[in-house]
There are 2 protein chains.
Amino acid sequence: MREQEYTESEEKIFLAALDVFSREGKNGARMQEIADRAGLNKALIHYYFRSKERLYEEVFSFVMRRYLLSLAASLKDNTSFEELLREFVTRFLDLLNEHPTLPLFILRELSEGAAVMEEKIRQIIVPSGAGLPAVFTEAYRAAAASGEIRDLGASQTLITIMGACIYFFAGYPVLAALMPDIASDRDASLQERKQHIYDLVMYGLKPRLESES
Amino acid sequence: MREQEYTESEEKIFLAALDVFSREGKNGARMQEIADRAGLNKALIHYYFRSKERLYEEVFSFVMRRYLLSLAASLKDNTSFEELLREFVTRFLDLLNEHPTLPLFILRELSEGAAVMEEKIRQIIVPSGAGLPAVFTEAYRAAAASGEIRDLGASQTLITIMGACIYFFAGYPVLAALMPDIASDRDASLQERKQHIYDLVMYGLKPRLESES
DNA sequence: GTCTATATCTCGATAGAC
DNA sequence: GTCTATCGAGATATAGAC
């Protein structure tokens, strides 16, 4: 929520919780493990955060906000759609690589919380992320209007780009098991991935002269 | 595992477990809820499946196998890469739409199980899914060799396609909160999605004549 | 095979000393 | 603020009657 006003112990707990919740999920996480990892005891967690539920909420809000703000930031200050796309893909993949558990952490919460959390989700997502699709959509429409790209729908395109980025991390265990070339050098595959997504999407959006279907 | 040799009660339990585990995850699921939903009692679950862990494993294996086999099936018997792509996207999205909890169910397990499950994962994935990337890769390489498409890497392209399909479902709560146009008509968005992915990818892969960058 | 009743245990939460 | 010790809810798992 704030993290500025945190005392030293509070922050130790928060960081430990971030770590444990990311790996184990809300239900899988154990207060004891969080305490151990923080180098403190369980009682202190309750002293500062009252309950597991509240601690989790604070961690989730923080993660979600960081995630959306980071995405939104990478969309600002680009001169062309082409530059925006390259910047977005590069920075998004770098962000995910720094925090590989991040996408599943968020997605899992959304599926488990479903109905109950829906309202809370909106409270977090909309303020932090409002800039995200707006900036992208605006840039997309401008580029489409000027003829720089085809209009396949801004939202649909953004979903495709994000999915293409996220799935590399979220689905990595499956991918690695199925594709030896990906498993053999993860870092190289990730770098290739930046170029691949940018290339495929940009090429797919650019109008072509009168030729094939 | 088999489901053929199941008795009637066994199958009731299995189906109830499939339902509950899909919605709640391994840790969130309660044996009591599975028993209630099966119209039986907890003791019987242990009689047939011994423990929650074993029951979960059987459900997970089944889901994973069905998922991979279904994907692999949609790749067979296509005459051109273009047809294969259209068929794959359409059938994959239909599969996910029928089982919207499926992607997160699998992804969650992979993240939680991580190190421990890695070996078991391979035992399930590789046999069931071996055909998947192989068939795609072969078709991709043939099309690339004949000049029908550009060679951006078969694995990278497959990851992009799968990610673009899966994220619509896995990330739906975020997407719906951020994009009013998606939220307003989910079914229509899903149908658009089929066309969008096919169009963007196919157009992005097709070589163009000498023109712009 | 199926049930009820219960044992056993894990974990979140609290009490209370310091 | 921080700790140890412990409670009590709720979950998995088992015993044993039918």
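Protein chains get the first letters and strands the later ones, always in sequence-line order, with residue 1 at the start of each.
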Starting from [atom2] on [N], measure out to [atom1] on [X] and report it in whole angstrom.
X: Arg54(A); N: dT14(C); atom1: CZ; atom2: P; result: 11 Å
X: Lys52(B); N: dT10(C); atom1: NZ; atom2: P; result: 14 Å
X: Glu53(B); N: dT10(C); atom1: CD; atom2: P; result: 15 Å
X: Met31(B); N: dT10(C); atom1: CE; atom2: P; result: 16 Å
X: Ile34(A); N: dA13(C); atom1: CD1; atom2: P; result: 11 Å

Over 12 non-hydrogen atoms of neighbours within 6.0 angstrom of CD in Glu83(A) | yes

[X] and [Y]: side chain donor to acceptor below 3.5 Å:
X: Ser51(B); Y: His46(B); value: no
X: Arg37(B); Y: Gln32(B); value: no
X: Arg66(B); Y: Ser128(B); value: no
X: Gln191(B); Y: Arg186(B); value: no

Examine dG12(C): is either OP1 or OP2 under 4.0 Å from a nitrogen or oxygen in the side chain of Arg30(A)? Give yes or no.
-> yes

Does the pair Glu87(B) and Arg91(B) meet the rule for a salt bridge (charged side-chain N to carboxylate O under 4.0 Å, His left out), with working shown?
-> CA-CA 6 Å; Glu87(B) 193 70 10; Arg91(B) 292 177 66 169; 3.6 Å; yes

Please list residues of residues 37-47 of chain A whose heavy atoms come under 4.0 Å from any atom in DNA chain C, ordered by number; otherwise none.
-> Lys42(A), Ala43(A), His46(A)

Tell me, please, the opening and closing nucleotides of DNA chain D, 5' to 3', among those with an atom under 4.0 angstrom from a non-hydrogen atom of chain B.
-> dA11(D) to dA15(D)

List the steps, then state whether side-chain hydrogen bond (donor to acceptor under 3.5 Å, both in side chains) holds for Thr160(A) with Arg193(B).
-> CA-CA 9 Å; Thr160(A) 298; Arg193(B) 191 109 203 90; 2.8 Å; yes

Would you mind telling me which residue lines up with the more 5' stretch of DNA chain C, Ser9(B) or Ala29(A), judged by nearest nucleotide?
-> Ser9(B)

Closest heavy-atom pair and its distance - Ala177(B), Val126(A) = O-CG2, 3.8 Å

Touch class at under 4.0 angstrom, heavy-atom based, for Ala35(A) against every strand present = nothing

Do Arg54(B) and Glu58(B) pass the salt bridge (charged side-chain N to carboxylate O under 4.0 Å, His left out) test, and can you show the C-alpha distance, the side-chain angles, and the key distance before you say yes or no?
-> CA-CA 6 Å; Arg54(B) 279 172 184 269; Glu58(B) 209 142 321; over 6 Å; no

